[in-house]
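As the structure is a prediction and not an experimental result, all values here were calculated from the model.
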Amino acid sequence: MFRGQRLGGLSFQPIVEATYGNLGLGVWSNFPINDKVPGVSDPEIDPYGYYTINISDSLSIVPGFTLYTYTNADTHNGFYRSTFEPSIALNYTVGGVKLTPKLYYDFTLEGPTLELTAFYAVPLKEIGTELDFTGIYGTYIVDEFAKDSIPSTKAWGDYWSIGVAAPFQLNKESKLTVGFAYTKGDSAYVKVGSTPKFSNTSAVGRGVVSVSYSYSF
């Protein structure tokens, strides 16, 4: 699921990230295992980067970027092989709640996405973990939704998700996290030129179970 749109089913998503001071660079990837959406790339490999500018203990600004690459996308059916999306986020923590409004702009799809994330952790010291609650609401509008579309294809919609995760520190370097989230696309439409709009059938509601292992050094 990406911004309320279903891109596949069970997937393997390896990530590698390196940080130096406030700078972070990484690569996120997705390898679908089943229920692949026709035309969607297998795999997707996305280099990204960010830099954290600390204003105070509770406030920071984070500019960043993502280069989405879809090496095997079906371009004949309107899918892109790559898109580029810089972003800027504001992190503000108050009363233990971390709020992150974030603005993206995709220069290939030609449109912005505005997203608000809220995060809150509940300690569970008795079992050596915590419950991490995350809520996300976003809205987007793009003018070039389909590659080489004449006239251009516009798309817009909203999305939201709410989830909880429990991280278990296995040792100093490694951690196992189990999570569940429900994510849904709402009021999602596509419009080709001056023709009437129609519903984006990729925008659906799904429950997503995740199991992740991380190793840091």
Side-chain angles (χ1 to χ4, degrees), residues 1-11 13 15 26-50 63-89 100-117 135-163 181-208:
M1 295 291 292
F2 178 68
R3 295 177 184 169
Q5 299 179 61
R6 179 182 173 273
L7 300 183
L10 180 66
S11 299
Q13 298 180 334
I15 307 168
V27 178
W28 179 95
S29 58
N30 181 76
F31 296 83
I33 296 172
N34 63 13
D35 296 332
K36 301 177 185 179
V37 173
V40 172
S41 180
D42 177 7
E44 175 184 346
I45 300 174
D46 302 338
Y48 66 88
Y50 61 89
F65 73 89
T66 300
L67 175 63
Y68 301 94
T69 64
Y70 315 97
T71 54
N72 296 317
D74 185 358
T75 57
H76 297 294
N77 283 322
F79 291 92
Y80 288 92
R81 291 285 171 88
S82 67
T83 73
F84 179 67
E85 186 180 66
S87 62
I88 187 164
T100 305
K102 191 170 185 178
L103 175 64
Y104 307 83
Y105 188 89
D106 194 306
F107 280 97
T108 306
L109 301 180
E110 296 186 7
T113 296
L114 182 61
E115 188 176 271
L116 175 64
T117 300
I136 300 173
Y137 179 82
T139 186
Y140 65 90
I141 180 170
V142 296
D143 290 332
E144 297 292 339
F145 183 64
K147 179 178 172 59
D148 299 329
S149 173
I150 301 175
S152 62
T153 299
K154 301 180 184 296
W156 64 94
D158 306 322
Y159 60 93
W160 59 269
S161 71
I162 186 166
Y182 184 81
T183 181
K184 190 175 189 300
D186 280 324
S187 303
Y189 296 98
V190 178
K191 180 179 173 65
V192 181
S194 59
T195 62
K197 69 180 182 181
F198 56 91
S199 295
N200 183 347
T201 56
S202 296
V204 295
R206 288 289 189 277
V208 180

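Surrounding NZ of K102 are at most 12 heavy atoms belonging to other residues, nucleotides or ligands under 6.0 Å away. For I150, the CD1 atom sits in a loose shell: 12 or fewer heavy atoms of surrounding residues, nucleotides or ligands are nearer than 6.0 Å.
At a threshold of 4.5 Å between non-hydrogen side-chain atoms, the residues S11 and N30 count as touching. Within the 4.5 Å cutoff, the side chain of I45 has heavy atoms near those of the V27 side chain. Between D106 and T113 the shortest side-chain heavy-atom distance does not fall below 4.5 Å. Residues E110 and Y105 meet the side-chain proximity criterion, which asks for heavy atoms closer than 4.5 Å.
With hydrogens and angles ignored, the 3.5 Å screen pairs no side-chain donor or acceptor of D158 with any backbone N or O of Y140. For the pair D46 (side chain) and W28 (backbone), a donor-acceptor distance under 3.5 Å is absent. Checking side-chain atoms of N200 against main-chain N and O of V190 turns up no donor-acceptor pair under 3.5 Å. When atom types are taken as modelled, the side chain of S82 and the backbone of Y80 share no donor-acceptor pair closer than 3.5 angstrom. Using modelled atom types, one side-chain atom of R81 and one backbone atom of A73 make a donor-acceptor pair closer than 3.5 Å. Formation of a donor-acceptor pair under 3.5 Å by the T66 side chain with backbone atoms of P47 is not found in this model.
Taking OG1 from T183 and CD1 from I162, the interatomic distance works out to 11.0 Å, rounded to the nearest 0.5 Å. Expressed to the nearest 0.5 Å, how far CD1 of I141 lies from NZ of K154 amounts to 7.0 Å. Once rounded to the nearest 0.5 Å, the distance linking CZ of R3 with OH of Y104 reads 5.5 Å. Going from atom OG of S161 over to atom OH of Y182 covers 11.0 Å, rounded to the nearest 0.5 Å.
Screening Y48, F65, Y68 against E85 for a side chain to side chain contact (heavy atoms under 4.5 Å, CB included) leaves a single residue, Y68.
Note on ring orientation: taking the six-membered ring where Trp is involved, the planes of F84 and F107 are parallel (angle under 30°, cut-offs 30° and 60°).
Residues V204 and T201 share a closest heavy-atom pair of CG1-O, 3.6 Å.
Side-chain polar atoms of Y159 and E115 form a donor-acceptor pair below 3.5 angstrom.
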